[in-house]
Amino acid sequence: MRLLLSPSLIALSLGVTLLIATPTSAQGAGTSRPKNLCKCIPDDKTCWPSEAAWEEFNDKKGVNGKNGVHGRLIATTPVASVCHGMPGVPRDEAKCKEVEAGYGFDKWRSNQPGAVMSANWETFMGEGCLLKQTTPCEQGAVPLYTVNATSVDDVVATVKFASKNNLPFVVKNTGHDYLGRSMGIYSLSLWTHFMKKISHNDMFIPDGAPANTKAEAAMILEPGVVWEEAYNYANQHNRLVVGGNHPTVGAAGGFCQSGGHGPLSPLHGLCVDNVLQYKVVIANGTVLDANAYQNQDLFWALRGGGPSYGVVVEAVYRTHPPASFQVALLNITATDEAMMLKVSEAYYAHQTRLSAAKWAGYALTRKDHLFMVYHLPNGNEATARNDFAPFKQELEAIGATIDKERYLPMPSYKAFLDFWASISSGRNVGLNLLLGSRLIPSTMLSSREGSKQLATTMFGILKATQPNTKEYLSMLVTGGQVAKANAAETSVHPGWRTAGLFNVIYGGWADSTPVDQQKDFATRLTTAVDELRKITPGAGTYMNEADANEPDFKDAFFGPNYQRLLEIKNKYDPQSLFYCRKCVGSDEWDALSVCRM
Ligand SMILES: Cc1cc2nc3c(=O)[nH]c(=O)nc-3n(C[C@H](O)[C@H](O)[C@H](O)COP(=O)(O)OP(=O)(O)OC[C@H]3O[C@@H](n4cnc5c(N)ncnc54)[C@H](O)[C@@H]3O)c2cc1C
Ligand SMILES: *[C@@H]1O[C@H](CO)[C@@H](O)[C@H](O)[C@H]1NC(C)=O
Ligand SMILES: *[C@@H]1O[C@H](CO)[C@@H](O)[C@H](O)[C@H]1NC(C)=O
Ligand SMILES: *[C@@H]1O[C@H](CO)[C@@H](O)[C@H](O)[C@H]1NC(C)=O
């Protein structure tokens with residue numbers, strides 16, 4: 001194994017105070033590392049497993065029973081290393097062609113142990129191996145080893161091996177995470193992507209429930225199932241399940257543990273509001289059932305408290321009866337900035353009414369237009385036109401142009417999702433990306449003053465973050481059942497229950513962008529979104545779609561639930577095997593040198 005701490009990485013670690021998409025840290029990796037506080041790294045031969053120990057764990061011959069992973073261990077390298085060459089990885093034209101062809105596509109990336117969707121997370125402190133980079137290739141944050149798990153036994157063996165050897169450890173499913181929580185420097189990665197069994201039970205009763213418990217229709221998913229697969233399965237059984245609108249996001253991994261919103265949320269709640277049971281492998285290798293009757297604390301934490309309590313090896317979700325959807329599609333164009341601000345204000349000011357009328361949807365705002373795709377469960381065209389009329393009247397008064405106005409009936413959720421797939425693209429990944437976001441309190445949207453203030457603030461953010469950003473997304477995935485659900489049952493930020501909208505801005509940079517420019521954008525983004533934080537005190541945000549450098553992440557991601565979540569984390573994972581960036585308890589760690597501070 002080659003030495004991972006290159007001199008330039010150490011130099012960087014000493015000079016940089018704000019890291020791009022990496023933890024802030026005062027302690028360099030080159031300084032002495034107190035053994036009892038640090039995870040083992042490859043440089044430390046006294047603790048890092050020997051080649052023989054790795055081989056025994058890999059257990060190609062299958063002689064170690066449940067202690068081995070019968071040949072499923074992969075020495076992992078960055079995907080683009082075959083294009084540039086790297087110590088231990090020769091350049092390979094043919095393989096590089098494959099990498100180039102797949103690089104921007106989510107399905108290809110999710111099949112690579114060494115790739116995630118936002119490529120910046122494959123790098124660490126400016127070093128890594130991106131396709132278009134001009135500096136030499138480094139391992140970056142790409143795990144050193146990956147277990148391509150296909151069974152609960154694989155998961156248990158891997159968790160035990162990582163625990164026993166005190167290794168930096170990550171769980172990777174699809175790699176969609178925007179905070180880089182599925183990558184980790186020097187790590188052993190547990191890859192759940194190929195655990196794909198799905199089944200259903202029309203009369204599900206949680207394990208350990210009292211005899212008179214009401215049975216519910218449910219879907220039972222292994223952690224590698226993605227939403228497209230879950231939806232197809234649900235559709236075959238004529239049921240609905242609350243998930244996201246992107247086909248390749250995992251259905252039972254990080255999505256739901258942090259909240260999980262989607263087109264059905266106003267109708268049926270967040271993903272966390274629909275979990276009936278989890279099966280979890282905790283840090284000591286024990287498999288636990290977590291539901292309303294057993295390990296209730298863990299069950300609560302896994303419904304909104306983010307990743308980091310254990311590995312979910314099975315999730316059981318409530319399903320719902322089928323529905324039809326009426327889609328309304330509008331593209332609203334303004335001739336100048338003043339007009340666009342009025343369009344944006346009008347958009348915000350009409351949300352309370354649309355939400356009360358049971359609409360949900362997504363809107364993209366750029367400096368000259370706002371494109372919205374909204375949908376009404378079980379609605380029809382007449383209702384849709386009627387509900388949009390007051391908004392359109394205001395837009396006409398402003399002088400904005402409404403273009404592409406369409407009202408489309410979708411007979412089923414499947415039809416609705418196919419329509420979504422037709423207007424989105426799988427080729428938008430492999431980029432370097434950071435986000436900024438906030439849950440928007442419904443009280444802000446119910447006043448004209450608030451709507452105007454919000455529009456002005458959002459435009460300020462867009463301007464301050466250019467040229468890296470060009471648009472932001474507003475999602476009406478709140479209200480309705482999200483607001484009605486019993487907040488105490490889940491650990492998502494309570495801001496979800498009082499939000500009227502969720503806003504996310506995003507931007508990126510090219511692979512060849514110098515580190516100081518990346519840093520500059522990261523700072524401008526975090527600082528610009530402060531204006532939104534200031535006018536929405538306590539509102540919080542959704543940690544799955546948030547700034548990786550969120551200043552007060554405990555409050556923003558977890559709010560008043562943080563302390564209890566930390567107690568649960570410490571109970572089930574006292575060694576912090578499941579450390580992840582901006583997760584509960586993560587502030588006790590210096591992720592650069594992988595030590596507890
Ligand atoms: C294109 C795109 C569209 C999106 N759309 C939506 C949307 O509509 N709604 C929404 O709510 N979010 C959406 N997201 C955000 C999404 O919820 C997060 O990216 C989420 O982290 C993805 O989870 P994953 O398991 O697929 O990804 P991964 O990156 O593999 O994992 C995410 C986190 O969960 C942990 N994890 C994964 N599997 C397990 C497991 N079995 N047990 C324990 N921990 C695990 C990982 O360690 C990591 O910390 C979207 C993201 C992208 C990139
Ligand atoms: C992981 O395992 C699955 C299932 O056995 C297999 O199809 C896939 O090719 C493996 N991937 C890698 C990179 O080994
Ligand atoms: C909406 O209109 C703008 C401005 O005319 C245009 O650039 C954009 O492509 C349109 N969007 C869609 C989805 O039609
Ligand atoms: C594993 O951890 C759980 C939770 O802390 C504990 O109840 C259990 O006894 C532990 N099991 C073993 C084998 O250490």
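Whatever order the structure lists them in is the order used to number ligands and atoms, beginning at 1. As the structure is a prediction and not an experimental result, all values here were calculated from the model.
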With a 4.0 Å cut-off on N to O distance, would you call E337 and K367 a salt bridge? no
State the atoms of ligand 2, each with its element, that fall below the 4.0 Å cut-off from a heavy-atom position in I74. 12 (C), 13 (C), 14 (O)
What are the atoms of ligand 3, with element, lying closer than 4.0 Å to any heavy atom of F371? 13 (C)
Think R303 forms a cation-pi with F299, using NZ or CZ under 6.0 Å from the six-ring centre and within 45 degrees of its axis? yes
Among T150, N111, T146, which one satisfies side-chain hydrogen bond (donor to acceptor under 3.5 Å, both in side chains) with H193? N111
Could an N or O of ligand 3 be found under 3.5 Å from any N or O of N331, whether backbone or side chain? yes
Below 4.0 angstrom, N of the basic side chain to O of the carboxylate: do E381 and R385 qualify? yes
What I want to know is whether R72 and ligand 2 share at least one N or O pair that is separated by under 3.5 angstrom. yes
Within the 4.0 Å heavy-atom cut-off around ligand 4, the contacting residues, ordered by chain and number, are I282, N284, T286, K571
Residue set satisfying side-chain hydrogen bond (donor to acceptor under 3.5 Å, both in side chains) with Y231, at least two apart, ordered chain then number -> Y413
Distance under 6.0 Å and angle within 45° of the ring axis: does R181 meet both against W121? no
Would K404 count as a polar contact of ligand 3, with the cut-off being nitrogen or oxygen pairs under 3.5 Å? yes
Lys/Arg-Asp/Glu bridge criterion (N-O < 4.0 Å) met for E56, K61: no
Could you tell me whether some N/O pair between N148 and ligand 2 is separated by less than 3.5 angstrom? yes
Are K196 and E222 within salt-bridge range, i.e. N to O under 4.0 Å? no
Between E55 and K60, is the closest basic N to carboxylate O distance under 4.0 Å? no
